[in-house]
Number of protein chains: 2
Amino acid sequence: MSGMSGRAAQSQRALMGVRDLIVSGELRAGTRLSELTLVERLGISRTPLRAALAQLGQEGLVEAIPSGGYAVRSFSRDEVIDAIELRGTLEGLALRLAAERGVPPARMGELTRLLESIDEALKGDVADMDFDGYVDLNAAFHEKLWALASQTIRREIERVTSLPFASPSAFLDKQANVEAFRRSLYGAQTQHRAMVEAISLREGSRAEALAREHARLARQNLEFVLDQDRSLIRRVPALSLVVG
Amino acid sequence: MSGMSGRAAQSQRALMGVRDLIVSGELRAGTRLSELTLVERLGISRTPLRAALAQLGQEGLVEAIPSGGYAVRSFSRDEVIDAIELRGTLEGLALRLAAERGVPPARMGELTRLLESIDEALKGDVADMDFDGYVDLNAAFHEKLWALASQTIRREIERVTSLPFASPSAFLDKQANVEAFRRSLYGAQTQHRAMVEAISLREGSRAEALAREHARLARQNLEFVLDQDRSLIRRVPALSLVVG
DNA sequence: CTCTTGATTTCTGTATACAACTGGTATTCT
DNA sequence: AGAATACCAGTTGTATACAGAAATCAAGAG
């Protein structure tokens, strides 16, 4: 059973397996993660499982229990808001530095092409748009933005967005295709265009402010789900871990 | 040998041991970290050592080798600068939110008292100051600032500052007691006072800008060491990992 | 009936055995 | 001689055995 194809395949499997159990809501916030139970459930041994738990601890999805082991972490509304604010701040930093230091035309071209593809997906009105297409393109666009930053900063962005509800795609899951979210996409795309323009014009401060404001769309969506339509909680990954 | 006093004592020992070997410069950038060698050197077994290596990989001090294992990471000058900028940005976020949301008077009092203690340490002129005292008080002051932020943000600050040269104390190591650094402390303390005042007056944007500018003192010190007096490289933790 | 205390069970942290893989060297064939 | 291949030492990833510490439960004292 050992030495499957790929390096550290079991560890990867353990990581994805446990993460999936948590974000899918199968393991609720606060529950202790018994190693033996998980080992049996995932069909792996304790060593790669423990590696996965340690990594998830770093990501923040689980927290270490003082007496040993880990438990699924729970998040207050304020903590989720702070995680979103954190992402906006880091994306803002990435865009400001990109604007100040300059970006090769080839990369700007890629971004512009993505913007046009997103326009295509948004063609028509709220009922006709290609929501699923937008979801994919939006994720690709944000990843291209992150790629403008240095490795140091990109690493931090990826770490922060490993909390599922902090990712730019958090409320754009294909399972959360509701009108309230679809309506927000036009404004989001306007911000996308402005961000690319600001980078192109070397307007660092503007690019930074736009990135922050853009992230706050996720906050609006969060508050909509929590205050207006709690039935959506199950459709947004890991939102079941939010208490209050 | 197992079950020393304290939970996960061997893992802690491994973590500190390997980290120390790296920041002390004993293991130079790029060298592969042989598990068996380290095990023998630190007197622990492979399991806690591997946990430590994984954690150091998350911290960014070591990087995973595609074919397996880890190597001591090397940092370009630009990467160090970005890490410092990153810390300033995160501290700025923490201070902005603290200012906007308000801080209990008791905590503001603690900060003010620390400011006064730092003033004490700086009493006299550049030759007379209590440099070692300043080092400790400065670290305490920054930690109190971090404590104003939510757990989500504090976690990220602590992660970023786990890279030794990105910490607010990086160039204030007691072994780096040189006049060029001592001279910068008066301006630093002025910024400290302004930061606390801005929080107290709920001036979020000002607090944020001050925190960013404050971090850039570390950048100045970095450039002084790299460009003016490279003999100091050995006195600043982990700066031997910087190439160029 | 409640609280304390002791034993049992379960769990985590650590050590070590095992197997697959990587990189290098020597050997052999062309 | 050069290249390809087989072999070999060394290394990492995985599984599992073991020991100490919590948590749980039961029984007994107050």
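Lettering follows sequence order; numbering is per chain, from 1.
Distance, Q10(B) CD to dT12(C) P: 19 Å, rounded to whole Å. Atom C1' of nucleotide dT12(C) and atom CG of L53(A) are separated by 11 Å, given to the nearest angstrom. Spacing between atom CZ of R50(B) and atom P of dT14(D) amounts to 7 Å, rounded to whole angstrom units. Nucleotide dT16(D) holds its C1' atom 14 Å from the CD1 atom of I44(A), rounded to whole Å. Between the P atom of dA15(D) and the CD atom of E40(A) lies a distance of 15 Å, rounded to the nearest Å. dT16(C) atom P lies 14 Å from atom CG of L49(B), rounded to whole Å. Per the geometry, CZ belonging to R32(B) stands 8 Å off C1' belonging to dT12(D), to the nearest Å. With rounding to whole Å, Y70(B) atom OH is found 17 Å from dT11(D) atom P.
Residue S34(B) is the one, among T47(B) and S34(B), whose nearest nucleotide of DNA chain D lies closer to the 5' end (criterion: closest heavy atom). Residues S11(A) and R46(A) each lie close to DNA chain D; by heavy-atom proximity, the contact nearer the 5' end of the strand is made by S11(A).
Side chain of R216(A) to main chain of I84(A): no donor-acceptor pair is present (N/O by atom type, distance under 3.5 Å, no hydrogens or angles). Without hydrogens or angle criteria, R235(A) side chain to Q175(A) main chain gives a donor-acceptor distance under 3.5 Å. Side-chain atoms of R87(A) come within 3.5 Å of backbone atoms of A166(A) as a donor-acceptor pair (strictly under, hydrogens ignored). Of the possible donor and acceptor atoms, one in the side chain of R7(A) sits under 3.5 Å from a partner among the backbone N and O of S67(B). Side-chain N or O atoms of R77(A) include none that pairs as donor or acceptor with a backbone N or O of L226(A) at under 3.5 Å.
For the contact set between residues 54-69 of chain B and DNA chain C, defined by any heavy atom under 4.0 Å, the members are S67(B).
Each of dC11(C), dA21(D), dT14(C) was ranked by its minimum atom distance to the side chain of R7(B); first place goes to dA21(D). Comparing dT11(D), dT14(D), dA15(C) by their nearest atom to the side chain of P48(A) picks out dT14(D). You'll find that the side chain of L36(B) is closest to dT12(D), out of dT12(D), dA15(D), dT14(C). Candidate nucleotides dT12(C), dA15(C), dT12(D) were compared by shortest atom distance to the side chain of E35(A), and dT12(C) ranks first.
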Full working for salt bridge (Lys or Arg N to Asp or Glu O under 4.0 Å) between R101(B) and D78(A): CA-CA 12 Å; R101(B) 298 173 182 174; D78(A) 285 348; over 6 Å; no
Audit row: R96(B), E85(A), salt bridge (Lys or Arg N to Asp or Glu O under 4.0 Å) steps and yes/no: CA-CA 11 Å; R96(B) 174 172 70 82; E85(A) 193 79 14; 2.8 Å; yes
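At the phosphate of dA15(D), OP1 or OP2 sits under 4.0 Å from a side-chain N or O atom of S45(A).
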Below 3.5 Å between N/O atoms, which protein atoms pair up with nucleotides 5-8 of chain C? Just atom names and distances, please.
none

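At a cut-off of 3.5 Å, with distance as the only test, no side-chain donor of Q58(B) or R159(B) sits close to an acceptor on the other residue.
For F224(B) and F171(B), the distance between ring centers is not under 6.0 angstrom.
The structure places CG of L93(B) at 11.0 Å from CG of L93(A), a figure rounded to the nearest 0.5 Å.
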